[in-house]
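See below for the structure under consideration.
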Amino acid sequence: MPELPEVETVRRGLQPSMEGRIIKAVELGRPDLRFPFPPDFAERIAGTRIRELARRAKFLLGHLDSGECLIMHLGMSGSFRIEGNAGHSAPGSFHYERNDRKAHDHVIFHIDENGTETRVIYNDPRRFGFMDLVPSKQVQDHPFFAKMGIEPLGNALSAELLAKLLAGKATPIKAALLDQRVIAGLGNIYVCEALHLACISPRRRAGSLVRANGCPGSRLSPLVQAIRDVLNEAIASGGSSLRDHRQTDGTLGYFQHQFKAYDREGAACTRKGCDGTIKRIVQSGRSSFYCPSCQR
DNA sequence: AAGGGAGCCTGGCGGC
DNA sequence: TGCCGCCAGGCTCCCT
């Protein structure tokens, strides 16, 4: 499910119920997700206040008053839902009965909201997600963050920087953009979409974009803009809802209705003036969808 | 050194 | 209807 827009959508959905609130207790349904929970995970969180709920790439970061940081990753199939009603649920959200446990509910945060209890529940069928707890000041030293690349929506991303990062790379641009050490937060869907928007073939060698036509950055500026546009539009639409991905209030994201390339094998290219057909190929084990006619 | 493939898990879907 | 194989949004490790 979750690439950057989905994680950002989840963050915004959780913010009212978590930021500034005290976690009264944590219930674990099992000792591990993808990795074991750290020692005394529940005990170290219980009683602390969440100062800030932030995001880095596809990670959620709950900075606690205790000085520790709750690191959460949704993997492929992780999702949160909010139970209980403190009065600020999104319109149309539905409520669960108390103790309405569902299959694969692995972590339950019991949160105090002005005297009433809210439960933030993490559900993850495939268990590729994980949680960890480290001192806030050591987050950037965490193995998952130490070599992490730039935020695609941050000011650091520019055609100039991307040129430096991709220079000399023989790997296909598709794989380079999926590499979290280059840009952190892009996944298979939005790389496909951004490359389509920028008219760049996923098969093109990354380094060849740096000086295309002998003109530095001539193809990277549109790519940078495409990455930003695709992510921002997806966030505005509440993310994509492949399979059962939902926002924290149970509603579905809508961006999948705007896919131009992803999962559209055999369909007509939507670009004005292009009569091509979307094709599916496999690159480093992942599906790439693109239009061979207008993406070069 | 960098790129490709396997592996971690479960559920959903298409095909027979 | 039922079973089987294939596929899936992420990420790391191992091998070439």
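We name chains A, B, ... by the order of the sequence lines, and we start the count at 1 in each one.
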Check: If you measure from the ring centre of Phe128(A) to the centre of the six-membered ring in the base of dC9(B), is it under 5.5 Å, with the planes under 30° apart?
Finding: no

Margin query: Rounding to an integer number of Å, can you tell me how far Gln283(A) CD sits from dA6(B) P?
Written below: 16 Å

Margin query: Any base atoms under 4.0 Å from Arg127(A), or only sugar-phosphate, or nothing? Heavy atoms, all strands.
Written below: sugar-phosphate

Margin query: Please determine whether a side-chain nitrogen or oxygen atom of His104(A) lies at a distance below 4.0 Å from atom OP1 or OP2 of dC9(B).
Written below: no

Checklist line | C1' spacing across the pair dG3(B) / dG9(C), given as an integer number of angstrom | finding: 22 Å

Margin query: Taking CZ in Arg44(A) as the centre, count heavy atoms belonging to other residues, nucleotides or ligands within less than 6.0 Å. Is the count above 12?
Written below: yes

Notebook entry, point to check: What do the steps show when you test Phe130(A) against Phe37(A) for ring pair (Phe, Tyr, Trp, His ring centres under 6.0 Å), and what is the final call?
Noted result: CA-CA 8 Å; Phe130(A) 57 88; Phe37(A) 289 100; over 10 Å; no

Checklist line | Side-chain N,O (Arg34(A)) to OP1/OP2 (dT10(B)) below 4.0 Å | finding: no

Margin query: Using whole Å, what does the distance between atom P of nucleotide dT10(B) and atom NE2 of His106(A) come to?
Written below: 9 Å

Item checked: Rounded distance in Å - CE (Met76(A)) to C1' (dC8(B)) -> 10 Å

Margin query: Under 4.0 Å, counting only non-hydrogen atoms across every strand here, what does Lys169(A) touch: a base, just sugar-phosphate, or nothing?
Written below: nothing

Check: In whole Å, what is the span from the CG atom of Asp124(A) to the P atom of dG11(B)?
Finding: 11 Å

Check: Across all strands shown, which nucleotide pairs with dC8(B) by Watson-Crick or G-U wobble geometry, both distances under 3.5 Å?
Finding: dG10(C)

Note to self: Students often get this wrong, so: under 4.0 angstrom with heavy atoms, is Phe144(A) touching a base, only sugar-phosphate, or nothing?
What the structure shows: sugar-phosphate

Note to self: Can you work out whether Ser287(A) or Phe130(A) has the more 5'-proximal nearest nucleotide on DNA chain C?
What the structure shows: Ser287(A)

Item checked: Within 6.0 angstrom of Lys24(A) NZ, more than 12 heavy atoms from elsewhere -> yes

Item checked: Atom-to-atom span, CZ of Arg126(A) to P of dG10(C) - whole angstrom -> 10 Å

Check: OP1, OP2 of dC11(C) versus side-chain N and O of His73(A): anything below 4.0 Å?
Finding: yes

Next item on the list: Please state whether the phosphate of dG3(B), meaning OP1 or OP2, lies under 4.0 angstrom from any side-chain nitrogen or oxygen of Thr171(A).
Entry: yes

Checklist line | Whole-Å distance separating the CZ atom of Arg205(A) from the P atom of dA2(B) | finding: 14 Å

Notebook entry, point to check: Between Gln295(A) and Arg203(A), is any pair of side-chain heavy atoms under 4.5 Å apart?
Noted result: no

Check: What does Ala170(A) touch in the nucleic acid at a heavy-atom separation under 4.0 angstrom: a base, only the sugar-phosphate, or nothing?
Finding: sugar-phosphate

Notebook entry, point to check: With rounding to whole Å, what would you report as the distance between dC3(C) and dC9(B) at their P atoms?
Noted result: 25 Å

Notebook entry, point to check: For dC11(C), does either OP1 or OP2 sit under 4.0 Å from a side-chain N or O belonging to Lys58(A)?
Noted result: yes

Next item on the list: Pick base, sugar-phosphate or nothing for Gln180(A), based on heavy-atom distances below 4.0 Å to the nucleic acid.
Entry: sugar-phosphate

Margin query: Rounded to whole Å, how long is the line connecting atom CZ of Arg56(A) with atom P of dC11(C)?
Written below: 12 Å

Notebook entry, point to check: Can you name the one residue among His110(A), Glu113(A), Glu83(A) that meets side-chain hydrogen bond (donor to acceptor under 3.5 Å, both in side chains) with Thr118(A)?
Noted result: Glu113(A)

Item checked: Spacing of Lys260(A) atom NZ and Ile278(A) atom CD1 [to the nearest 0.5 Å] -> 10.5 Å

Note to self: What is the separation between atom CD on Glu193(A) and atom C1' on dG9(C), rounded to the nearest whole Å?
What the structure shows: 13 Å

Checklist line | Side-chain N,O (Arg286(A)) to OP1/OP2 (dG9(C)) below 4.0 Å | finding: yes

Next item on the list: Under 4.0 Å between any heavy atoms, over every strand shown, what does Arg181(A) touch: base, sugar-phosphate, or nothing? Just pick one.
Entry: nothing

